[in-house]
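Following: one structure in structure tokens, then a few remarks.
Each ligand, and each atom within it, is numbered from 1 in the order the structure gives.
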Amino acid sequence: MKILLFGKTGQLGWEARRALSPLGEVYAYGRDELDLTNHDALAKLIRELKPQVIVNASAYTAVDKAESEPEVARAINAKAPAVMAEEARALAAAFIHVSTDYVFDGNKNAPYVEEDPTNPLNAYGQSKLEGEQSVVQVGGAHVILRASWVYSLRGDNFVTKTLAWSRKQETLKIVSDQVGSPTWARMLAEAISAMLARSLPDPHGYFLERRGIYHLGGSGFTSRLDFAREILRLDPNPGEQALKRLEPALTTDFPTLATRPMRTALNCSKFEQAFGLCLPEWGRALELAMKEF
Ligand SMILES: NC(=O)c1ccc[n+]([C@@H]2O[C@H](COP(=O)([O-])OP(=O)(O)OC[C@H]3O[C@@H](n4cnc5c(N)ncnc54)[C@H](OP(=O)(O)O)[C@@H]3O)[C@@H](O)[C@H]2O)c1
């Protein structure tokens, strides 16, 4: 299988490059090789490479910065996926695209299902929603996977930040009113790889039959505060912590440029049923992730 992967340096892309490699040739691209705001170059690359599968792990993910440059966010999160979807359809290739829980407003008091109405609260969420809509509109053999609170052991994310704060601060205040489904980037990458393995020998036909939007996060949900508590409990080097107190805070205590949705837990049963896969509980995945440090 010839797989074209975008976003190879990101949290998900890094893991996907490894997880997809047993399936065939993976052509992995980062910003250095191709800037996704250059849509003509993107279309040309896909036409020349002729992949059987395109996996888009790239995105403009700077949620606050997107408020001041919504057009750049839109070029990467909405227009580039539309080009990928169009070129995939022309080649009869499968297209796996990743989206976000931030397409929701977070006002539902239960985990979101795929059919729930979207209503993004910020420019990032709006650009990701437009990406979803354009991929659906193009048609073809596409699958859109909405993830939530993605973390990895590399780069800047809630897990690595919490550990870093715990080394420097005696008191840590974390919001208790934001709820989500933490998703280990490796688990997400492995789920994509498992889906693709099941799609053989006909990825196009397999995904055409199952095309649509799916939620794919760590199973269950938690608050940011309890997520932080678990990260600190599972810290492989607790002796390095300077932390004495972990205290609850409210989102309003930390004003940000972009408004965040408060409760975006995802119900992932549609994904599990459609692909015959099971998603580990978020705490179990975190435990496995922390053993990697
Ligand atoms: N992070 C989260 O909490 C979260 C939550 C829900 C859903 N998601 C979704 O999950 C997916 C993966 O997210 P992630 O956390 O792995 O993202 P990430 O770590 O921020 O990685 C994004 C990737 O996109 C690349 N990229 C950005 N702009 C580009 C451009 N103009 N041209 C080419 N490449 C560009 C980045 O390259 P550089 O390294 O060069 O910038 C990076 O490789 C995305 O669709 C995201 O929307 C993320």
Side-chain angles (χ1 to χ4, degrees), residues 4-19 28-42 45-46 54-66 69 71-81 83-84 95-104 106 112 118 120-132 134-135 142-162 178-189 191-192 213-218 221 224 227 258 260-261 264-266 268 282:
L4 174 55
L5 169 70
F6 291 107
K8 72 171 187 187
T9 55
Q11 300 193 85
L12 172 60
W14 178 268
E15 297 288 352
R17 195 175 186 185
R18 293 200 310 195
Y29 283 75
R31 190 196 299 260
D32 288 352
E33 293 93 5
L34 182 85
D35 188 326
L36 288 170
T37 57
N38 186 343
H39 301 128
D40 290 339
L42 172 61
L45 170 79
I46 300 172
I54 300 175
V55 178
N56 183 22
S58 72
Y60 180 110
T61 53
V63 177
D64 289 310
K65 206 170 161 209
E69 46 181 41
E71 286 313 318
V72 184
R74 188 172 282 124
I76 297 162
N77 292 346
K79 183 68 182 136
V83 172
M84 292 176 202
F95 179 39
I96 316 259
H97 176 60
V98 182
S99 190
T100 172
D101 53 340
Y102 276 26
V103 296
F104 295 118
Y112 279 97
T118 52
L121 300 181
N122 54 48
Y124 162 74
Q126 179 61 34
S127 68
K128 293 292 290 184
L129 177 61
E130 287 172 23
E132 289 186 1
S134 48
V135 171
H142 64 264
V143 167
I144 297 168
L145 304 169
R146 284 188 188 137
S148 157
W149 293 13
V150 177
Y151 66 89
S152 72
L153 303 185
R154 305 173 65 252
D156 221 15
N157 57 69
F158 190 70
V159 172
T160 54
K161 278 187 197 157
T162 300
Q178 283 180 31
V179 171
S181 302
T183 308
W184 184 19
R186 181 171 301 173
M187 193 274 304
L188 182 52
I192 293 172
I213 297 178
Y214 296 88
H215 289 173
L216 204 182
F221 53 88
R224 284 267 180 214
F227 187 21
R260 263 80 173 162
T264 57
L266 299 176
C268 302
W282 73 267

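The nearest protein atom to atom 47 (O) of ligand 1, hydrogens excluded, is given as Y124 OH, 2.7 Å; this is a heavy-atom distance. Among protein heavy atoms, the minimum distance from atom 28 (N) of ligand 1 is reached at R31 NH2, 3.3 Å. The shortest contact between atom 44 (C) of ligand 1 and any protein heavy atom is with A59 CB, 3.5 Å. Among protein heavy atoms, the minimum distance from atom 1 (N) of ligand 1 is reached at Q11 NE2, 3.6 Å. For atom 31 (N) of ligand 1, the nearest protein heavy atom (residue, atom name, distance) is D35 OD1, 3.0 Å. The protein heavy atom nearest to atom 11 (C) of ligand 1 is V98 CG1, 3.6 Å. Residue, atom and distance of the protein heavy atom nearest to atom 48 (C) of ligand 1 are V150 CG2, 3.6 Å. For atom 39 (O) of ligand 1, the closest non-hydrogen atom of the protein is T9 OG1, 2.9 Å.
Close approach of ligand 1 to I76 is summarised as follows: ligand atoms under 4.0 Å from at least one heavy atom of the residue are 28 (N), 31 (N). Heavy-atom contacts of L12 reach the following atoms of ligand 1: 12 (C), 16 (O) (cutoff under 4.0 Å). Close contacts of ligand 1 with W149, meaning ligand atoms under 4.0 Å from a residue heavy atom, involve 3 (O), 5 (C). The T61 neighbourhood of ligand 1 comprises atoms 17 (O), 18 (P), 20 (O), 46 (C), with distances under 4.0 Å to a heavy atom of that residue. Atoms of ligand 1 lying under 4.0 Å from at least one heavy atom of K128, given by number and element, are 44 (C), 45 (O), 46 (C), 47 (O). Per-residue contacts place T100 under 4.0 angstrom from the following atoms of ligand 1 (heavy atoms of the residue considered): 6 (C), 7 (C). Those atoms of ligand 1 with a heavy atom of G7 less than 4.0 angstrom away are 43 (O).
When non-hydrogen atoms are compared, ligand 1 lies under 4.0 Å from the backbone of L34 (N, CA, C, O) but not from its side chain. At a heavy-atom distance under 4.0 Å, no atom of Y102 approaches ligand 1. Contacts between L36 and ligand 1, counted as non-hydrogen atom pairs separated by less than 4.0 Å, involve both the backbone and the side chain.
Of the residues V135, I46, L4, I96, the one that meets the side-chain contact (heavy atoms from CB on, under 4.5 Å) test with M84 is I46. Applying the side-chain contact (heavy atoms from CB on, under 4.5 Å) test between S58 and each of L36, T9, L34 identifies L36 as the sole match.
Within the structure, ligand 1 has A147 among the residues with a heavy atom less than 4.0 angstrom away. Using a non-hydrogen distance threshold of 4.0 Å, A57 registers as a contact of ligand 1. In this structure, S99 is part of the shell of residues with a heavy atom less than 4.0 angstrom from ligand 1. For the pair N157 and ligand 1, no heavy-atom separation below 4.0 Å is found.
The closest side-chain heavy-atom distance from Y112 to D101 is not below 4.5 Å. Between Y102 and T61 the shortest side-chain heavy-atom distance does not fall below 4.5 Å. Counting heavy atoms from C-beta on, the side chains of Y60 and K128 never come closer than 4.5 Å. Within the 4.5 Å cutoff, the side chain of R17 has heavy atoms near those of the L5 side chain.
The aromatic rings of Y29 and F6 lie tilted to each other, with the angle between the two planes from 30° to 60°. Using cut-offs of 30° and 60° for the angle between ring planes, the F227 and W149 rings count as parallel.
Under the 3.5 Å distance criterion, with hydrogens and angles disregarded, a donor-acceptor pair is assigned to the side chains of E130 and Q126.
Closest non-hydrogen pair, V103 versus R146, comes out as CG2-NE, 3.5 Å.
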